[in-house]
J.: 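What follows is a structure written as structure tokens; I'll ask about it next.
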Amino acid sequence: MGTIRNMINALPGRFSFRHRTRNTVQKQAETSDDSGFSSSSQSSLPTAPITKFQKFKLSFRRKKNKKKNQEAYEQTEPEYSVLTDEELTAEIIELKTLSDELALRSKDGYGAVFHTATKEIEKRLTPQIVALMLEKFYAPSFRLPSGIINPSKECFAIATMQALIACPPFIDFVKNGLSYLGDEKPSEHFLKIHTAVRSLVAKIQAGWDLIYCTELIDLLGFARKTEECAESFYRALYDAYLSKAFASPKEIKRWKCLHCGHVKMMEDNHARLQLAPVKGQDSTTNIKMMIQYKRGQEKLELQCTQCDQQRVGSLFTTCVLSKMIMISADLLRKSTLSPDFEDTVDLRYLEEAPGTSEWVRGGVVHFEVTRLTKGHYVAAINHGRHLYLMNDGKSGSLVRNLKVVSEAHGEPRFAIYWRKNWETWQNGAGLNEGFEDSSE
């Protein structure tokens with residue numbers, strides 16, 4: 001711990017370490033000869049001024065040595081011994097203290113010492129420590145939800161992860177992910193993503209101040225130098241990770257020809273749930289309207305085998321849903337309609353469930369257009385009984401409703417809902433049997 005403590009103490013209080021280092025290197029270059037030694041000891045002898053080529057050689061040599069040291073550092077794996085719960089607890093408290101102190105010291109800029117100290121802390125967060133954090137470490141109930149720091153253009157992933165973390169089935173998967181796989185052997189890529197997500201959730205749960213999701217972004221192959229789509233990030237995370245626990249929505253469609261009444265059955269095992277472009281009150285549309293649209297209002301032109309030509313027909317859709325779903329508002333982007341994601345919704349008519357099918361909104365991802373081709377993502381999450389705005393590294397701020405968030409930070413792009421009885425729900429058993437439509 002002394003090494004990390006010394007690194008943090010070496011950070012400036014008010015001035016950027018990067019700025020000071022650059023000035024120091026420049027002064028050394030101006031007073032160094034070709035061999036790299038300072039010429040101050042030979043000040044009594046006449047020396048020729050340093051040339052541009054010599055400066056270039058010095059700069060190249062420093063960059064080469066820095067790269068070699070960095071590669072050697074990354075290849076070094078620390079050795080750990082099995083610790084008792086008391087020792088692990090002390091280690092966690094010490095690491096959190098160091099991390100929070102580092103977060104305070106880094107407000108004026110990020111330098112080499114900051115990044116090295118951050119990596120040292122991450123290396124000490126062993127799977128054993130993360131497991132104990134997930135099991136026993138919780139931030140005080142009065143503490144606002146923790147933000148996730150955005151070094152550069154990572155808001156698309158930050159907002160998505162905040163919306164997911166607000167869903168209890170997701171947290172259960174993170175804590176007990178391997179048990180969801182059964183006899184299936186997880187891939188190395190899955191395990192890397194699982195480890196990164198567990199570390200992220202553990203820090204948020206424990207109320208850390210220095211939290212990043214950069215490693216997860218890299219594992220999913222997203223470039224951190226360009227603007228990315230939050231929904232694309234969710235789908236990439238779903239394909240590589242979430243699909244092991246939460247099956248894709250399955251749509252069973254019955255198409256009925258409006259001319260002859262001929263019925264045609266269709267299935268989509270990887271359906272994308274989207275709010276329907278159906279206008280309601282105050283130019284808004286919600287999930288209830290989506291259900292009505294899917295239960296007979298949707299029209300589709302297909303080849304009718306009875307009429308032997310293209311005919312318009314009505315679609316009656318029933319869904320088989322998992323414990324957690326994502327509902328997109330992508331169809332509304334080119335319309336004048338505003339999406340309205342309800343706090344809770346009953347999907348019994350969409351699932352054709354015998355009883356109620358209550359779903360709770362975990363989080364909603366909003367997008368604010370700041371320029372013609374640029375923007376910023378935030379998330380509005382349900383935490384306890386309140387709604388909080390999560391904007392990058394800032395702690396959650398209490399908001400009244402989604403309309404307030406939309407007015408300040410743009411329209412919602414998608415929402416994540418979780419099944420209220422997810423702990424006792426049995427994979428849709430008994431649903432869609434007979435497939436009788438009650439809306440005819």
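Residues: numbered from 1 along the sequence shown.
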J.: Assess the residue pair Thr317 and Tyr293 against the criterion (side-chain contact (heavy atoms from CB on, under 4.5 Å)); give the C-alpha distance rounded to whole Å, side-chain angles, the decisive distance to 0.1 Å, and a yes or no.
T.: CA-CA 9 Å; Thr317 303; Tyr293 182 72; over 6 Å; no
J.: Could you state the interatomic distance from CZ (Arg333) to CZ (Phe367), rounded to the nearest 0.5 Å?
T.: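 Arg333 CZ to Phe367 CZ: 7.5 Å, rounded to 0.5 Å.
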J.: With sequence neighbours excluded, tell me which residues meet side-chain hydrogen bond (donor to acceptor under 3.5 Å, both in side chains) with Asn286.
T.: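 Not a single residue meets the side-chain hydrogen bond (donor to acceptor under 3.5 Å, both in side chains) criterion with Asn286.
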J.: Between Leu216 and Val197, is there a side-chain heavy-atom distance shorter than 4.5 Å?
T.: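 A side-chain contact under 4.5 Å exists here.
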J.: Is there a side-chain hydrogen bond (donor to acceptor under 3.5 Å, both in side chains) between Thr318 and Glu251 once you walk through the steps?
T.: CA-CA 6 Å; Thr318 298; Glu251 288 189 344; over 6 Å; no
J.: For residues Ser357 and Asp346, report the shortest heavy-atom separation together with the two atoms involved.
T.: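 Looking at all heavy atoms of both residues, the shortest contact is N-OD1, 3.0 Å.
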J.: Any chance you could lay out the side-chain contact (heavy atoms from CB on, under 4.5 Å) test for Val201 and Val130, step after step, and finish with the verdict?
T.: CA-CA 9 Å; Val201 172; Val130 171; over 6 Å; no
J.: Using the six-membered ring wherever Trp is involved, compare the ring planes of Tyr241 and Phe170 and label them parallel, tilted or perpendicular (cut-offs 30° and 60°).
T.: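 Answer is perpendicular, since the angle exceeds 60°.
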J.: For residues Asp392 and His376, determine if any side-chain heavy atom of one lies less than 4.5 Å from a side-chain heavy atom of the other.
T.: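 Yes, close enough: below the 4.5 Å cut-off.
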J.: At what distance, to the nearest 0.5 angstrom, does NE2 of His386 lie from CG of Leu144?
T.: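 Reported value, rounded in 0.5 Å steps: 10.5 Å.
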J.: Less than 6.0 Å separating the ring centroids of Phe233 and Phe156?
T.: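 Yes, ring centres under 6.0 Å apart.
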J.: Could you tell me whether Glu91 and Arg124 have a side-chain N and a carboxylate O separated by less than 4.0 Å?
T.: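 Yes, Glu91 and Arg124 are salt-bridged.
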J.: When the side chains of residues 182-189 are checked against the rest of the protein, which donor-acceptor pairs come out under 3.5 Å, sequence neighbours left out?
T.:
| from | atom 1 | to | atom 2 | distance (Å) |
| --- | --- | --- | --- | --- |
| Glu184 | OE2 | Lys244 | NZ | 2.7 |
| Ser187 | OG | Phe190 | N | 3.1 |

J.: Taking C-beta and beyond as the side chain, do Asp340 and Leu275 meet within less than 4.5 Å on heavy atoms?
T.: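 When only atoms from C-beta onward are counted, Leu275 and Asp340 do not touch, as no gap falls below 4.5 Å.
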J.: Can you tell if the side chain of Leu220 reaches within under 4.5 Å of the side chain of Leu237, non-hydrogen atoms only?
T.: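 Yes. Closest side-chain heavy atoms under 4.5 Å.
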J.: When you compare the side chain of Lys299 with that of Ser314, does any pair of heavy atoms fall below 4.5 Å?
T.: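 Yes, side chains in contact.
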J.: Give me each pair satisfying salt bridge (charged side-chain N to carboxylate O under 4.0 Å, His left out) with a member in residues 304-314, each pair once, sequence neighbours excluded.
T.: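 For residues 304-314: none.
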J.: If you take all heavy atoms of Ile149 and Glu154, which pair is closest and at what distance?
T.: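 Answer, listing the atom of Ile149 first, then Glu154: O-OE1, 4.4 Å.
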J.: What heavy-atom pair brings Ser146 and Gln162 nearest, and what distance separates the two atoms?
T.: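 Closest heavy-atom pair between Ser146 and Gln162: O-NE2, 3.0 Å.
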J.: Show, in sequence, the C-alpha distance, side-chain angles and deciding distance for Val263 and Arg254, and conclude whether the side-chain contact (heavy atoms from CB on, under 4.5 Å) test is met.
T.: CA-CA 7 Å; Val263 174; Arg254 189 180 69 165; 3.2 Å; yes
J.: Decide yes or no for Val364 and Phe414: does some side-chain heavy atom of the first lie under 4.5 Å from some side-chain heavy atom of the second?
T.: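 No, every pair of side-chain atoms sits at 4.5 Å or beyond.
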J.: Going by an N to O cut-off under 4.0 Å, is there a salt bridge joining Glu423 and Lys323?
T.: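 Judged by the 4.0 Å cut-off on N to carboxylate O distance, Glu423 and Lys323 do not form a salt bridge.
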J.: What is the minimum heavy-atom distance between Ala236 and Phe222, and which atoms define it?
T.: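 Minimum heavy-atom contact is CB-CE1, 3.6 Å.
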J.: Just wondering, do Pro145 and Ile204 contact through their side chains at under 4.5 Å, heavy atoms?
T.: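 No, their side chains stay 4.5 Å or more apart.
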J.: Compare all side-chain heavy atoms of Tyr234 with those of Ile416 and state whether any distance is below 4.5 angstrom.
T.: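 Result yes, sub-4.5 Å side-chain heavy-atom pair found.
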J.: Determine all donor-acceptor pairs shorter than 3.5 Å in which one atom belongs to a side chain in residues 393-413; sequence neighbours excluded.
T.:
| from | atom 1 | to | atom 2 | distance (Å) |
| --- | --- | --- | --- | --- |
| Asn401 | OD1 | Lys403 | N | 3.2 |
| Asn401 | OD1 | Val404 | N | 3.1 |
| Ser406 | OG | Leu402 | O | 3.1 |

J.: Name all residues meeting the side-chain hydrogen bond (donor to acceptor under 3.5 Å, both in side chains) criterion together with Ser328; count only those two or more places apart in sequence or in a different chain, and write none if there are none.
T.: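 Result, side-chain hydrogen bond (donor to acceptor under 3.5 Å, both in side chains) vs Ser328: Glu231.
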J.: What do the steps show when you test Leu125 against Leu95 for side-chain contact (heavy atoms from CB on, under 4.5 Å), and what is the final call?
T.: CA-CA 8 Å; Leu125 279 172; Leu95 286 174; 4.0 Å; yes
J.: When you measure from the centre of the six-membered ring of Phe341, is the NZ or CZ of Arg361 under 6.0 Å away and within 45° of the axis?
T.: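 No, cation not above the ring by the 6.0 Å, 45° rule.
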J.: Got a sec, which pairs hit salt bridge (charged side-chain N to carboxylate O under 4.0 Å, His left out) with one end in residues 198-209, sequence neighbours left out?
T.: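 For residues 198-209: Glu122-Lys203, Arg143-Asp209.
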J.: Could you give me the CA-CA distance, side-chain angles and deciding distance for Ser248 and Tyr238, then say whether side-chain hydrogen bond (donor to acceptor under 3.5 Å, both in side chains) is met?
T.: CA-CA 9 Å; Ser248 295; Tyr238 179 86; 3.0 Å; yes
J.: Take a 6.0 Å sphere around NZ of Lys288 and say whether it holds more than 12 heavy atoms from other residues, nucleotides or ligands.
T.: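 Result for NZ/Lys288: open.
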J.: Parallel, tilted or perpendicular: which one describes the rings of His194 and Phe173, with boundaries at 30° and 60°?
T.: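 The arrangement is tilted - the two ring planes meet at 30° to 60°.
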J.: Ion pair present between Lys175 and Asp172, side-chain N to carboxylate O less than 4.0 angstrom?
T.: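 No.
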